[in-house]
Amino acid sequence: MTREQVRWIPPIHDMQNTSQFQQLQEHLGDSMLLTNWLREETDNLRTAFLHGSAPSLSSREAVKHHLFERLEERLHTFDRDRLVKIINATGTVLHTNLGRASMSEAAVQKVHRTARYYSNLEYNITTGERGSRHAVLEDLLQITTGAEAAMVVNNNAAAVYFVLKALASEKEVIVSRGQLVEIGGSFRVSSIMEESGARLVEVGTTNKTRRSDYEKALGEETAMLMKVHTSNFTTIGFTEEVPLHELTDIAEENGDVLVYEDLGSGALYDFKKQGIGNEPTVKEALSTGADLVTFSGDKLLGGPQAGIIAGKKKWIDALKKHQLARVLRVDKMTLAALEETLKAYAKGEADQIPSVRMVLESKEEVKSRAWQLLKQLTFSEWRAQIEEDVSKVGGGTMPEVEIPTAVVSVATKEGQAQKVVQKMRTEAEPSIAARMKNGKIWMDLRTVAEEEIAELASALLYWEAYIDGE
Ligand SMILES: *Cc1c(COP(=O)(O)O)cnc(C)c1O
C-alpha cells in the first residue's frame, strides 16, 4: 500500500506544467519560492507515506489535490501582513508590545518624503561638502532640552551602553543600590555596565543611599556618578536618595568626575504641571547640573525609537568621535520622525503629538468617544455600557500614575467574552487589543482614535452574530 501511494506523488515538472501551478506562480513573478515549497511538500508527503502518518489519500488525483492545497496555504501565509495594524483598546498609551508611541501626522509625512527621495542626511547643502547626520537635529535638541550639545542613537539602551563604554570603560561608576533596575525584562543596568567594561560600584541600600555613601566610594578610579531613573517601580516609605544637585556638588569637589543620569523616559513636556506624575523634564535634569543625560525617543517624548544623549559639549564631542557612534547611528527615517516631533515641542505644540495628547486628555474627552462607540453598538442580546476606570501611561513610565478614563464594557452571553477578545485579536482586521474585566470585554477609549471607532463597533457586532457558530 505504502509503496503504491509513494508512486502517486507526481514528478515536480509534471506539477509545474499544470495550469493550476502556473496560476499560483503568477503571484510570485519569477521567484523560485513556489517550486521550493513544492519540493518540500512532496518530500514531506513521501516521508509521511513511508511512516504511515499521511492523510488518507486514496488516488493519484487526491495526492495532486492535496499538494495544491498545501501550496495555496503556503502562498496565503507568505502573502499575509507580518507587521499589522492594531487598534489599542487597552488604554495603555505607550504599550511597548504594541510599538509604544503612535506618531503625529507631520512626523509620518516627513518620514514618507525622506524615505521616498534623497535628503541631506550627511550633506552640507551650503558648502557642498560631506556633513554629519549627528548635526541634523542638534539645534532642535538644544532648544527642547536646554543642552549645550546632543546626539541621537538607536535607542536609550544603546545610549546608556555608549556613554558607559566611551566614558567609563575600565573605570569605576558609582550607582545607588536603589537604582540598579531592570526594565522590560531585557535591560538591566548592571548587565549593560558589565558589557561596557565599566566597573560597577554599588553604594547604599535598596531603600536608602546617602551623600556620604558616594563620598566614601569615590577614588582615583572613579569616572562617573550615575543616577538611574527607576522608571517602572517606586520605592515608598522609609527611603532616601541623593538628589542630582548633590551628586553634582560631590563631583565638583572631585575634579573630572562626570555626573550622568539615565532618565529613561525623558519628558520634554512638563506633565507634572498638569497634575500627572512627578517626572522631571530633561531641561530640569540638565539645569540641575548633570553633565550628560540619556532618554528614549519613543516613550513620553512620543517620537520614533531612538536614544538621545544630551549635555556638555565636551562629552558629546567625544562621543561623536567615538567608533561606536557609527555602530549605533540612526536611520534617516528616524531623524525625519524625530525632527517633526521635536519641532512640535519647540513651537509649544506638544498637544499635536498623539501620545502626549492621549496622556493629557480628560475623562470627559475620552467619554465623548466612548459615547460614539456605544451608539454604534446596536446589539440584539449583548449589553454595552460606559464605565469608569483608570488608564496607564505604560512603557515603564510613571508606574504610579492612574489617569481617570472612560471605558465601554460589553457583557456577552455566558462564557463568550474571553473567546471574543481572542477573536478580535486574531481575526479582526485591523486586529484589536482589548482586555477582560469583571467577566466583560473592556475597552478603554483613551487609546482609540475617532476614526477607529466604527471598525471596533463592526467587529463587535460581527462577533455577536457569529461567535456561537465558532
Ligand atoms: C526604557 C528605559 C531604558 C531603555 O530605553 P529604550 O529606549 O527602550 O532602549 C533605559 N533606561 C531606563 C531608565 C528606561 O526607563
Side-chain angles (χ1 to χ4, degrees), residues 92-103 141 145 150-165 168 173 175-196 198 200 206 209 224-235 241 244 247 259-268 271 277-282 284-286 290 292-311 319 324 327-331 333-335 337-338 341-342 355 359 392-401:
T92 301
V93 178
L94 300 167
H95 203 303
T96 299
N97 301 150
L98 306 185
R100 288 196 185 155
S102 77
M103 273 177 274
L141 287 166
T145 66
M151 66 187 293
V152 186
V153 293
N154 209 14
N155 57 15
N156 189 36
V160 176
Y161 172 74
F162 190 17
V163 166
L164 293 171
K165 175 86 183 174
V173 177
V175 187
S176 159
R177 285 198 173 87
Q179 298 166 7
L180 287 172
V181 293
E182 171 171 315
I183 290 135
S186 57
F187 178 87
R188 258 188 201 177
V189 173
S190 51
S191 312
I192 292 276
M193 186 90 73
E194 204 176 309
E195 284 295 326
S196 75
L200 172 64
T206 309
T209 304
M224 197 181 280
L225 306 181
M226 180 181 181
K227 188 172 182 335
V228 183
H229 189 62
T230 54
S231 309
N232 55 358
F233 79 104
T234 42
T235 42
E241 65 169 28
L244 194 60
L247 292 186
V259 175
Y260 159 48
E261 179 164 17
D262 172 19
L263 286 168
S265 197
L268 294 183
F271 289 95
N278 201 17
E279 195 74 13
T281 63
V282 176
E284 285 163 351
L286 282 167
L292 282 178
V293 298
T294 58
F295 53 97
S296 286
D298 56 352
K299 289 188 181 172
L300 279 179
L301 201 141
Q305 178 190 303
I308 295 160
I309 312 174
L319 293 174
L324 272 179
V327 175
L328 304 174
R329 76 184 190 184
V330 292
D331 179 56
M333 291 188 280
T334 302
L335 290 175
L338 192 56
T341 311
L342 292 172
S355 52
V359 171
K392 302 294 270 180
V393 178
T397 49
M398 306 203 274
E400 73 289 0
V401 170

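Start at 1 and go down the list; that is how both ligands and their atoms are numbered.
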For [atom], tell me which residue out of [options] has the closest non-hydrogen atom.
{"atom": "atom 13 (C) of ligand 1", "options": "His229, Arg100, Gln179, Lys227", "value": "His229"}
{"atom": "atom 4 (C) of ligand 1", "options": "Ala157, Ser265, Gly395", "value": "Ala157"}
{"atom": "atom 6 (P) of ligand 1", "options": "Ala158, Ala159, Ser296", "value": "Ser296"}

Backbone N/O of Asn154 and side chain of Gln305: donor-acceptor pair under 3.5 Å: yes
Test item: Ser265 side-chain N/O and Ala267 main-chain N/O as donor-acceptor pair under 3.5 Å: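 Answer holds: no.
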Distance-minimising heavy-atom pair for Leu263 and Phe295: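 Answer, listing the atom of Leu263 first, then Phe295: CB-CB, 4.2 Å.
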Contact summary for Gln179 and Met226, nearest pair of heavy atoms: OE1-O, 3.9 Å
Ile309: which of Val163, Val160, Leu141, Asn156 passes side chain to side chain contact (heavy atoms under 4.5 Å, CB included): Val163
Side chain, backbone, both or neither: Lys299 near ligand 1, heavy atoms under 4.0 Å: side chain
Side chain, backbone, both or neither: the part of Glu261 lying under 4.0 Å from ligand 1 by heavy atom: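 It is neither part, as no heavy atom is under 4.0 Å.
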